[in-house]
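Notes to accompany the following structure.
Lettering follows sequence order; numbering is per chain, from 1. All values below come from the heavy atoms of this structure, side chains included, with hydrogens, waters and symmetry mates left out.
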2 protein chains.
Amino acid sequence: MPTATTKQYTIGDFARAVGLTAPTLRYYEDEGLIEPHRHRNGRRYYEEADINWVKFLLHLKGTGMSISELKQYVTWRAQGDITIPQRLALLQQVKQDFLVQYAEVQRHLQILNDKINWYEEKEAGVTDADESFAAYLDRLGHQE
Amino acid sequence: MPTATTKQYTIGDFARAVGLTAPTLRYYEDEGLIEPHRHRNGRRYYEEADINWVKFLLHLKGTGMSISELKQYVTWRAQGDITIPQRLALLQQVKQDFLVQYAEVQRHLQILNDKINWYEEKEAGVTDADESFAAYLDRLGHQE
DNA sequence: ATATAACTTCAAGTGTACTTTAAGTCAACA
DNA sequence: TGTTGACTTAAAGTACACTTGAAGTTATAT
């Protein structure tokens, strides 16, 4: 009965699988975010489970966590379930910060949309050609 | 009949008004994004209208535009209405890119939320203590 | 057998967006 | 009148997240 064998990825193949470059993976490793396995000859290899881990890290990164915050998270994780409260508190803080940014970004998008519409209406002659953008925002009730 | 006089801001007061620092305003000026007025003695002053302009720039910046894209926009603006099509195309492209990022960021938030909930349920003993995060995501139908 | 492609480490370089420093000028208040 | 704080320019420095280069080793395909 053969041991269930997991697919082993070279750094190049793994990089393709997670959408990063090999140098970036080495950089993340230097920063303590990943710890790949090694062949006897010194070459790295990665397994299926490492893909989920990196993708999860990229999700956290995408919510605004810096490399050093990720490092803190990873350090706590390595210390076991005892650090779950710390990890939870960190992620809750990240979420709070994220939501603040998220709200701001929605206002940015609204102004961008308004400006695009203003230009489009100006081009189409729908809006009074001389109505300023400020007056236009005012008319829409989109202050600031 | 006196000329309507507009409030004049020093760079420091203006910085406070728009939420930037004086050095950042000088930097933006170097980059061609702002063109403040000058007193005879060489000191800059800004007016009410400049506040709207900077705030608008910050909205665009907040949608992902780089300084150099803003510079291109500003350059076109200075050339008059003839460049409205270019400006419109640029902003539409910015919007497209923004919407792609926005969708990605929503997935990141979902995973962050899921992880927070997973930890909370684990701490509260609601979830089977041994259910992996991957299995948890699976159960919720939140793939990847 | 040999070429070439991918891997290794370590250090230096890059891009973006500021921030800080240095050296000096000017304005406002006690 | 002096001192404090804000202004001026130009250049150098910083933080972050990679990216690139150099010099060498190993694996794979012909």
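A side-chain donor-acceptor contact under 3.5 Å links B/Asp97 and B/Gln93. Side-chain atoms of B/Gln86 and B/Tyr73 form no donor-acceptor pair, as typed in the model, at a separation below 3.5 Å.
Using bins of under 30°, 30° to 60° and over 60° for the plane-to-plane angle, the ring pair A/His59/B/His108 lands in the perpendicular bin.
In this structure, CZ of A/Phe14 is placed 17 Å from C1' of C/dA6, rounded to the nearest angstrom. For the pair B/Glu69 CD and C/dA17 P, the interatomic distance rounds to 9 Å; values are reported in whole Å. Computed from coordinates, the B/Leu70 CG to C/dA17 C1' distance equals 12 Å when rounded to whole Å. Here D/dC7 presents its C1' atom at 13 Å from CD of B/Glu29, a figure rounded to the nearest Å. Spacing between atom NZ of B/Lys71 and atom C1' of C/dT16 amounts to 13 Å, rounded to whole angstrom units. Atom CZ of B/Arg26 is separated from atom P of D/dT9 by 7 Å (rounded to the nearest Å). With rounding to whole Å, B/Tyr45 atom OH is found 15 Å from C/dA27 atom P. To the nearest angstrom, C1' of D/dG5 lies 11 Å from CZ of B/Arg16.
At the heavy-atom level, A/Arg44 lies under 4.0 Å from the strands shown only through sugar-phosphate atoms.
With distances taken from any side-chain atom of B/Arg38 to the nucleotides C/dC7, D/dT8, D/dC7, the minimum falls on D/dT8.
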Legend entry - Test log, rule salt bridge (charged side-chain N to carboxylate O under 4.0 Å, His left out), inputs B/Glu29 and B/Arg38: CA-CA 13 Å; B/Glu29 185 180 338; B/Arg38 297 276 184 160; 3.2 Å; yes

Inset, instruction - Classify every nucleotide of nucleotides 17-30 of chain D by which part a protein heavy atom approaches to under 4.0 Å, writing B for the base, S for the sugar-phosphate alone and - for neither, in 5'-to-3' order. - result: BBSB----BBS---

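Of the possible donor and acceptor atoms, one in the side chain of A/Trp53 sits under 3.5 Å from a partner among the backbone N and O of A/Leu33.
B/Asp50 is not listed as a side-chain neighbour of B/Ile34, based on a closest heavy-atom distance of 4.5 Å or more.
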